[in-house]
Every structure is written in C-alpha cells, then in structure tokens.
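To start, the structure itself, in structure tokens.
Sequence positions, counted from 1, serve as the residue numbers for this chain.
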Amino acid sequence: MLCAYRITGDKFLLQQAENAIGYMISNTVYKYPQREGKENVVYLVDGTRDEVKIGGNAVAIIVLTEYMNLMETDKHKKLATELGNGILELFDERDGSFFHVLKYPSLAPRDKFRTVYYDGETVFALCRLYGLTSESRFIETAKAAADRFIAKDYTQYADHWVAYAMNELTKHVKSEKYLKFALKNVNNNLEKIYKQPTTYHTYLELLCVSFETYLRIAEQGGAKETDGKEIVKTIFHRADYMLNGYGYPEYVMYFAKPSDMLGSFFIRHDDYRTRIDDVQHFCSAYYSLYRNYEKLDSFRD
C-alpha cells in the first residue's frame with residue numbers, strides 16, 4: 001500500500017496503511033518492564049500461533065522504515081530500534097545464524113529454523129535499521145549473517161529476500177565479496193527464472209532489486225562479469241508472463257465472486273488461490289519494475 005501511495009498519492013491508501021501499521025504495533029510486546037528513557041527488547045507476536053517469529057520482527061522493521069522514509073519522520077524510530085534489539089537477541093555470533101521462532105508468552109525456544117526466507121528478511125531489516133540509526137551493531141550483525149549466506153551458498157534458494165538484503169548491505173558496505181555475491185545470486189538463477197513455468201511472483205522482485213545492485217556496481221566500473229542485457233531481458237519476460245495470474249475480467253468472470261477477484265492476482269497452479277501475501281509480492285514486483293522502468297528500457301535493443 002505504501003508503494004502504491006508513492007505512485008498514486010491516494011490518501012485512502014495511506015490511511016489504510018497507517019491503520020495496518022497501528023494494528024501491527026498493537027501486537028508488539030516488551031520483553032522487560034518498560035523504563036523511562038531506556039531501550040527495551042520488543043517482539044511482534046503472532047497470536048494465531050502463540051509464537052514470535054524473527055521474520056515478523058524483520059518485516060515490522062521494514063514496514064516502519066519504509067513509512068518513515070516516505071513520510072520524512074522519525075515517529076517509529078524507537079520502536080524499530082527495539083524490534084532490532086529483539087533480532088539481536090536471536091542472533092548466534094558463533095556461526096552467523098538466527099534462531100527463528102519462540103513460543104509466546106514464555107519466549108522459550110520453539111524452532112531453530114522455520115524458513116530460509118527469515119534470514120534474508122532479517123539482514124535486510126538490519127541494514128535498514130543501520131541506515132536509520134547509524135548504530136554499528138546492526139550493520140556488523142548483517143555482515144556476519146551475509147558471510148554465512150556466502151559460506152552456505154544461499155544462491156541455491158533463488159531468494160528475493162537475499163537480493164533485497166545484499167542490495168541494501170552493499171549501499172553501506174563496499175566490500176568486494178558482498179558485491180560479487182549479490183550479482184552471483186542473480187547470475188546463478190537467471191536461466192532457471194527465465195524458464196520458470198509458473199508465475200512465481202518473487203522472481204521478478206529478485207530480478208528488479210538485483211538490477212538496481214548491478215547498475216550501482218556498473219556505474220562504479222564493476223560488474224563486468226554480469227550481462228545486464230540478460231537481466232533486463234529476463235525482467236521483461238517475467239513481467240509479461242506473470243500477467244497469467246492477473247484478474248482480468250475475461251478470467252474472473254468464471255470465478256464464484258468475480259467482483260472480489262477483479263484486478264487481483266491468483267496462483268493458477270494452486271487451485272487459483274488468492275492470498276494477501278501473494279498479492280503483496282505481485283504489487284512489489286511491478287512497483288520495482290515501474291520504479292526502474294526508464295533505466296531498464298535503455299538496456300533493450
């Protein structure tokens with residue numbers, strides 16, 4: 001909704017986004033008793049499962065920093081920092097890994113690992129926090145976790161969150177190993193993504209954010225081993241192909257409630273499923289395409 005507001009200026013969208021942020025904030029909890037002028041450790045609670053997920057903290061930080069950047073305010077800086085403190089409590093500096101899930105309300109350990117997506121989300125959030133606060137502990141943790149991405153070859157997951165994380169990290173840290181890995185994450189998956197037979201909406205996000213990284217590196221004289229034209233060709237191919245999941249009138253007329261599906265997105269290979277997170281990824285992907293369109297178009301023959 002915030003991305004759509006950037007494009008449209010629709011105040012209703014902004015109001016709905018602010019309502020959602022308010023609801024999210026109402027589901028945060030403090031680990032310790034609140035003390036005036038003192039930072040705390042804060043977790044976002046999933047009440048439907050009675051658990052705390054590191055990915056929830058990460059996405060909460062991403063949302064809050066996106067809102068503060070858009071509105072040019074530091075209204076949620078303290079809360080974002082305290083959510084970051086929650087992430088740091090779940091970080092294992094011995095191997096650069098994160099503990100993924102705690103029970104709630106006891107905050108006892110539940111799952112060391114839940115999904116690979118949490119790792120990329122968390123590094124992305126830490127880099128956003130560093131941009132907000134300039135606190136070195138956030139970027140140092142992000143670097144340690146990114147070192148693990150490299151050591152464990154996270155390119156195998158074709159993960160859009162890893163692309164977001166590396167794009168943000170390389171804005172602050174110009175180390176060659178992170179720049180190379182950011183490009184490797186797209187290079188190693190380019191053919192697979194091009195030939196993907198389903199709409200797989202997160203692939204376009206990976207491509208677009210990796211293009212931003214590529215362009216920034218290329219403008220500094222690097223990225224010579226990466227073919228920018230191939231990235232761009234794949235971006236436009238996926239952008240067209242993903243429209244197979246768009247709710248055109250000619251498609252949704254066959255659904256039980258056409259008006260609910262019109263203009264939305266669905267997943268054909270999963271019984272035409274529509275979920276809020278899928279729609280979000282479709283929107284984010286096309287927003288990234290829109291934001292970079294002129295630069296992308298300049299690469300086409």
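The main-chain N or O of Asn185 is found under 3.5 Å from a side-chain atom of Asn189 such that the two form a donor-acceptor pair.
Ring pair Phe266/Phe255 is tilted by interplanar angle, where 30° to 60° counts as tilted.
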When you look at Met242 and Phe265, which way does the side chain to side chain contact (heavy atoms under 4.5 Å, CB included) test go after all the steps?
CA-CA 9 Å; Met242 279 169 53; Phe265 293 93; 6.0 Å; no
Thr141/Phe98 under side chain to side chain contact (heavy atoms under 4.5 Å, CB included): CA gap, chis, key distance, verdict:
CA-CA 10 Å; Thr141 303; Phe98 297 100; 4.2 Å; yes
Could you go through Asp278 and Arg273, starting from their C-alpha distance and side-chain angles, then the distance that decides it, and tell me whether this counts as side chain to side chain contact (heavy atoms under 4.5 Å, CB included)?
CA-CA 9 Å; Asp278 291 330; Arg273 179 193 76 198; 2.7 Å; yes
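A donor atom on one side chain and an acceptor atom on the other are not found under 3.5 Å apart for Glu168 and Tyr130. Residues Gln280 and Ser284 have side chains that bring a donor and an acceptor to within less than 3.5 angstrom of each other. Side chains of Asp147 and Tyr178: a donor on one and an acceptor on the other come within 3.5 Å. Using modelled atom types and a 3.5 Å distance limit, the side chains of Ser175 and Lys143 yield no donor-acceptor pair. Side-chain contact, Ser210 with Glu212: no donor N or O sits under 3.5 Å from an acceptor N or O. At a cut-off of 3.5 Å, with distance as the only test, a side-chain donor of Tyr154 or Arg148 sits close to an acceptor on the other residue.
Counting heavy-atom neighbours within 6.0 Å of Tyr290 OH, excluding the residue itself, gives a total of 12 or less. No more than 12 heavy atoms of other residues, nucleotides or ligands lie within 6.0 Å of NZ in Lys295, so this atom counts as exposed by the packing criterion. Atom CD of Gln156 has more than 12 heavy atoms from other residues, nucleotides or ligands within 6.0 Å. The local environment of NZ in Lys103 is sparse, with at most 12 non-hydrogen atoms from other residues, nucleotides or ligands closer than 6.0 Å. Counting non-hydrogen atoms of other residues, nucleotides and ligands closer than 6.0 Å to CD of Gln220 gives a total above 12.
A heavy-atom distance below 4.5 Å is not found between the side chains of Arg268 and Thr199. Contact check for Lys233 versus Arg300: no side-chain heavy atoms found under the 4.5 Å cut-off. Using a 4.5 Å heavy-atom threshold, the side chains of Arg275 and Ile267 count as separate.
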Taking only distance into account, with no hydrogens and no angle test, what donor-acceptor pairs under 3.5 Å do side-chain atoms of residues 84-93 form with protein atoms, sequence neighbours excluded?
{"from": "Asn85", "atom 1": "OD1", "to": "Arg137", "atom 2": "NH1", "distance (Å)": "2.8"}
{"from": "Asn85", "atom 1": "OD1", "to": "Arg137", "atom 2": "NH2", "distance (Å)": "3.0"}
{"from": "Asn85", "atom 1": "ND2", "to": "Glu39", "atom 2": "OE1", "distance (Å)": "3.1"}
{"from": "Asn85", "atom 1": "ND2", "to": "Asn40", "atom 2": "O", "distance (Å)": "2.9"}
{"from": "Glu89", "atom 1": "OE1", "to": "Lys31", "atom 2": "NZ", "distance (Å)": "2.8"}
{"from": "Glu89", "atom 1": "OE1", "to": "Tyr43", "atom 2": "OH", "distance (Å)": "3.3"}
{"from": "Glu89", "atom 1": "OE2", "to": "Tyr32", "atom 2": "OH", "distance (Å)": "3.4"}
{"from": "Asp92", "atom 1": "OD1", "to": "Arg94", "atom 2": "N", "distance (Å)": "3.0"}
{"from": "Asp92", "atom 1": "OD1", "to": "Arg94", "atom 2": "NE", "distance (Å)": "2.9"}
{"from": "Asp92", "atom 1": "OD2", "to": "Arg94", "atom 2": "NE", "distance (Å)": "3.3"}
{"from": "Asp92", "atom 1": "OD2", "to": "Arg94", "atom 2": "NH2", "distance (Å)": "2.8"}

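Ion pairing between Lys180 and Glu225 fails under the 4.0 Å rule for side-chain N and carboxylate O. Salt bridge annotation for Glu18-Lys75: absent, with no cationic side-chain nitrogen under 4.0 angstrom from a carboxylate oxygen.
Note: Tyr293 and Phe236 meet the aromatic proximity criterion, with ring centroids under 6.0 Å apart. Aromatic ring centres of Tyr117 and His160 lie closer together than 6.0 Å. You'll find the ring centres of Phe299 and Phe211 inside the 6.0 Å limit. Checked against a 6.0 Å centroid threshold, the rings of His237 and Tyr194 count as neighbours.
Applying the side chain to side chain donor-acceptor pair (under 3.5 Å) test to residues at least two apart or on different chains, none of the pairs has a partner in residues 239-248.
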